[in-house]
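These numbers were taken from a predicted model, which means no experiment stands behind them. We count ligands from 1, going down the list as the structure has it; atoms in each ligand are counted the same way.
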Amino acid sequence: MTTKNIAVLVSGGGTNLQAIIDAFNNRRIVNGNIALVLSSNPNAFALERAKKHNIDTCVIEKCDNREAFSDAIMQKLEEYKIDIIVLAGFMHILSGNIIEKYRNKILNVHPALIPSFCGEGFYGLRVHKAALEKGVKVTGATVHFVNEIADGGPIILQKAVNILQGDTPEQLQKRVMQEAEWEILPLALDLLCNERLIVENDIVKIK
Ligand code: GAR
């Protein structure tokens, strides 16, 4: 099996990127290599994490022209011969041509149990605020393939996290990351690198 070239797309702190780097270092992910960390934000701490581990980085800032933004991303993906894309706290929606070219090769981690609290406008802390406002008792995280619908692609892994009375959005975000995101994102990436994910009629099976 060939080793997959991975691009991790980030916009912020990069704790999910860190979880992936750690998983490579202790061989919880095999058959892959983080070739590039691409950030939409020049000040993202994720860039520092990548540099510390000698991973190539680049910054492509979102501009008004969505096509130009996507074309610039696509150019980098081609330059690095990327096989797999991971959206790890990347706060933008990818254009159709990237999704088409990388069908069932793009992972996204979302901080809720899809189909709850997801879709356009649900990102970062907003997701946890919405869960607390609704009063749900259980939330969690989802890793899914990216398709043309925001947070609507085939679901790969999910993990539930209990909401505790008195939780703030910040506390809940931290617990969802620690108990769910940092676990299931590396796990899903390992499954994809090792060609163990099969998608049939939008349903993911693990072989
Ligand atoms: C994570 O909680 C991730 O699930 C969320 O942003 C945070 C990024 O943290 N992503 C979304 O909301 C995308 N819809 P990180 O930069 O520390 O990995």
List the atom pairs, with distances to 0.1 Å, where a side-chain N or O of residues 198-207 and a protein N or O form a donor-acceptor pair under 3.5 Å, not counting sequence neighbours.
unit_1, atom_1, unit_2, atom_2, d
E200, OE1, K205, NZ, 3.2

Less than 3.5 Å apart, N/O on ligand 1 and N/O on the protein: could you list those pairs with the distances?
unit_1, atom_1, unit_2, atom_2, d
ligand 1, 2 (O), E181, OE1, 3.1
ligand 1, 2 (O), E181, OE2, 3.0
ligand 1, 4 (O), E181, OE1, 2.7
ligand 1, 4 (O), E181, OE2, 3.4
ligand 1, 12 (O), G124, N, 2.8
ligand 1, 16 (O), G13, N, 3.4
ligand 1, 16 (O), G14, N, 2.8
ligand 1, 17 (O), G14, N, 3.3
ligand 1, 17 (O), T15, N, 2.8
ligand 1, 17 (O), T15, OG1, 2.7
ligand 1, 18 (O), T15, N, 3.4
ligand 1, 18 (O), N16, N, 3.0
ligand 1, 18 (O), N16, ND2, 2.9

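With rounding to the nearest 0.5 angstrom, the CD1 atom of I93 is 8.0 Å from the CG atom of D151.
Every residue meeting the side chain to side chain contact (heavy atoms under 4.5 Å, CB included) condition with A35, not counting sequence neighbours, appears here in chain and number order: N5, N33, Y80, I82. With sequence neighbours excluded, the residues satisfying side chain to side chain contact (heavy atoms under 4.5 Å, CB included) with N147 are R103, I149, P154.
Side-chain contact check for V86 versus L9: every heavy-atom pair is 4.5 Å or farther apart.
At most 12 non-hydrogen atoms from other residues, nucleotides or ligands lie less than 6.0 angstrom from CD of E120.
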